[in-house]
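Hydrogens, waters and symmetry mates play no part in the numbers below; they use all other heavy atoms, side chains included.
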Amino acid sequence: MVEAAYRHHGLDARYLNCEVQPDALGDAVRGARAMGWVGFNCSIPHKVDVIEHLDGLADSATVIGAVNCVVRRDGLLIGENTDGQGFLTSLKTVVDTAGKSLVVFGAGGAARAIAVETALAGAATITIVNRDPSRGAELVALLNERTPCRAALVAWDGVYSLPEETDIVVNATSIGLFPDVDAQLALDLDSLRPGMVVADVIPNPPRTRLIRDAEARGCTVLDGLGMLVNQAVIGIKHWTGVDPDAAVMRRTLEELFGT
């Protein structure tokens, strides 16, 4: 996807995938610095641990407490978090989050980034539904202390029914990710109503079971490709100064996943 954007815009750049073990993370960052890389992405399990090897953090990454994108600025490596920003960009194509009521399933890295960014964008309330109460409580406390929204926790110990006032539903868990494509959220599907926006962060497969179920009930749906593409669009802009063509990038993913 990123290389397709580089080719499309004639950029003299490459995007390399590197497998880095946790005990070699510091060496990898020092190597990137020594080789003059303009930046890099980092994924699980490095999003938090990478922070100690960087020179600073952007505002949203500071609040989220995790980094997935590093940018060289004036010789310094600065940590950004483009996950939540990418999701918010995708979400804005169908709804304005200001004043809305959200339900977010999960409390991991993706949920944390999405909840913080939507809260900072004006969401009125966010309900975190999570199986681990302590992890969920940590995210709720962060939202209530560091953002203007009101957040609450629901312990996910059975089938969850969405409150009537829910505007936006987000699956920020790995439920439904390939190869377990038939996995289903413990969600009362009858509580999905027309007018709700239902988003899934899972890009593979793009049309998860949740997306299909929500669409069948008249909801507006957003697949995980939007978040994946838009976080990369933001990263490329950070690294190169170029606004890449998101359509070229999404088309590459659609061809890859056969959608």
| message | Restricting to non-hydrogen atoms, name the atom on A32 and the atom on R72 that form the minimum distance, rounded to 0.1 Å. | response | O-NH2, 3.7 Å
| Taking it one step at a time, do L162 and V169 satisfy side chain to side chain contact (heavy atoms under 4.5 Å, CB included)? | CA-CA 9 Å; L162 295 165; V169 182; 3.7 Å; yes
| Do L57 and I51 come within less than 4.5 Å of each other through their side chains, counting heavy atoms only? | yes
| said: To the nearest 0.5 Å, what is the distance between CD1 on I168 and CE on M196? | reply: 11.0 Å
| request: Answer yes or no: is there a side-chain heavy-atom contact under 4.5 Å between V29 and F40? | output: yes
| said: Same cluster or not: L91 versus L210, using hydrophobic residues (I, L, V, M, F, W, Y) connected whenever any side-chain heavy atoms lie under 4.5 Å apart? | reply: no
| query | Are L102 and V63 in one and the same hydrophobic cluster, where Ile, Leu, Val, Met, Phe, Trp and Tyr link if side-chain heavy atoms are under 4.5 Å apart? | reply | yes
| F87 and V170: CA distance, side-chain angles, deciding distance, side chain to side chain contact (heavy atoms under 4.5 Å, CB included) verdict | CA-CA 10 Å; F87 176 83; V170 184; 3.7 Å; yes
| note | One should read off an interatomic distance between Q85 CD and I114 CD1, to the nearest 0.5 angstrom, of 12.0 Å
| message | What's the separation between atom CG in L189 and atom CG in D213, rounded to the nearest 0.5 Å? | response | 5.0 Å
| SB check E117 R112 (cutoff 4.0 Å) | no
| Is L256 reachable from V233 through a run of hydrophobic residues whose side-chain heavy atoms are each under 4.5 Å from the next? | yes
| query | Given V159 and S161, is the side chain to side chain contact (heavy atoms under 4.5 Å, CB included) satisfied, shown in steps? | reply | CA-CA 7 Å; V159 176; S161 183; over 6 Å; no
| task | Specify the closest pair of heavy atoms between G65 and V48, including all atoms of both residues, with the distance to one decimal. | result | O-CG2, 3.6 Å
| For the side chain of T252 and the backbone of V248, is there at least one donor-acceptor N/O pair under 3.5 Å apart? | yes
| Under 3.5 Å side-chain donor-acceptor pair for T208 and D223 | no
| said: What's the separation between atom CG in D83 and atom CG in L88, rounded to the nearest 0.5 Å? | reply: 12.5 Å
| task | Would you mind listing every side chain to side chain donor-acceptor pair (under 3.5 Å) that reaches into residues 172-186, with sequence neighbours excluded? | result | N171-T173, Q184-R209
| request: Answer yes or no: are there more than 12 heavy-atom neighbours, outside L76 itself, under 6.0 Å from its atom CG? | output: yes
| Knowing that exactly one of P206, S90, P203 qualifies, which makes a side chain to side chain contact (heavy atoms under 4.5 Å, CB included) with L228? | P203
| Are L187 and I202 linked, directly or through other ILVMFWY residues, by side chains that come within less than 4.5 angstrom of each other? | no
| So, the side chain of R150 versus the backbone of N144: is there a donor-acceptor pair under 3.5 Å, distance only? | no
| query | Taking only residues at least two apart or on different chains, which pairs with a member in residues 179-217 satisfy ring pair (Phe, Tyr, Trp, His ring centres under 6.0 Å)? | reply | none
| request: Sorted by first residue and then second, give each side chain to side chain donor-acceptor pair (under 3.5 Å) pair with at least one member in residues 23-43; sequence neighbours left out. | output: Y15-N41, D27-R30, R33-D55
| V104 and side chain to side chain contact (heavy atoms under 4.5 Å, CB included): which partner among V129, T127, I126, T118? | I126
| request: With the side chain counted from C-beta on, respond yes when Y6 and D12 share a heavy-atom pair under 4.5 Å apart, and no when they do not. | output: no
| A61 and V67: which non-hydrogen atoms are nearest, and at how many Å? | CB-CG2, 4.2 Å
| request: Examine distances only and state if a side-chain atom of H46 and a backbone atom of V20 form a donor-acceptor pair shorter than 3.5 Å. | output: yes
| request: Look at atom CZ of F257 and say whether more than 12 heavy atoms of other residues, nucleotides or ligands are closer to it than 6.0 Å. | output: yes
| For residues S60 and E80, is any side-chain donor paired with an opposing acceptor at under 3.5 Å? | no
| message | If you compare all heavy atoms of L192 against all heavy atoms of A214, which two are closest, and at what distance to 0.1 Å? | response | CD1-CA, 4.0 Å
| query | If every non-hydrogen atom of L139 is compared with every non-hydrogen atom of G106, which pair is closest and at what distance? | reply | CD2-O, 4.5 Å
| message | Check D200 with R207, please: is the shortest side-chain N to carboxylate O separation under 4.0 Å? | response | no
| request: Indicate yes or no: at least one non-hydrogen side-chain atom of I236 is less than 4.5 angstrom from one of M249. | output: yes
| query | Does the pair R193 and R217 meet the rule for a side chain to side chain contact (heavy atoms under 4.5 Å, CB included), with working shown? | reply | CA-CA 6 Å; R193 291 178 299 280; R217 284 161 176 78; over 6 Å; no
| query | With a 4.5 Å limit on heavy-atom distance, are the side chains of L222 and V94 in contact? | reply | yes
| task | May I ask whether V50 and L77 are part of the same hydrophobic cluster, defined by side-chain heavy atoms of I, L, V, M, F, W, Y residues being less than 4.5 angstrom apart, directly or through others? | result | yes
| field | Sequence neighbours excluded - side chain to side chain donor-acceptor pair (under 3.5 Å) pairs with any residue from residues 101-111 | value | S101-T125
| task | Working to the nearest 0.5 Å, report the span between SG of C149 and CG of L120. | result | 8.5 Å
| task | Count the heavy atoms of every other residue, nucleotide or ligand shown that sit under 6.0 Å from CD of E165, and state whether that count exceeds 12. | result | yes
| message | For the CG atom of L253 and the CG atom of N204, what is their distance to the nearest 0.5 Å? | response | 10.0 Å
| field | Residue pair C219 / P194, side-chain heavy-atom distance below 4.5 Å | value | no
| Tell me, which pairs form a ring pair (Phe, Tyr, Trp, His ring centres under 6.0 Å) where one or both residues lie in residues 228-253, sequence neighbours left out? | none
| query | Restricting to pairs with a member in residues 114-158, which pass ring pair (Phe, Tyr, Trp, His ring centres under 6.0 Å), not counting sequence neighbours? | reply | F105-W156
| query | So, for R250 and L225, which heavy atoms are closest and what is the spacing to 0.1 Å? | reply | NH1-CB, 3.3 Å
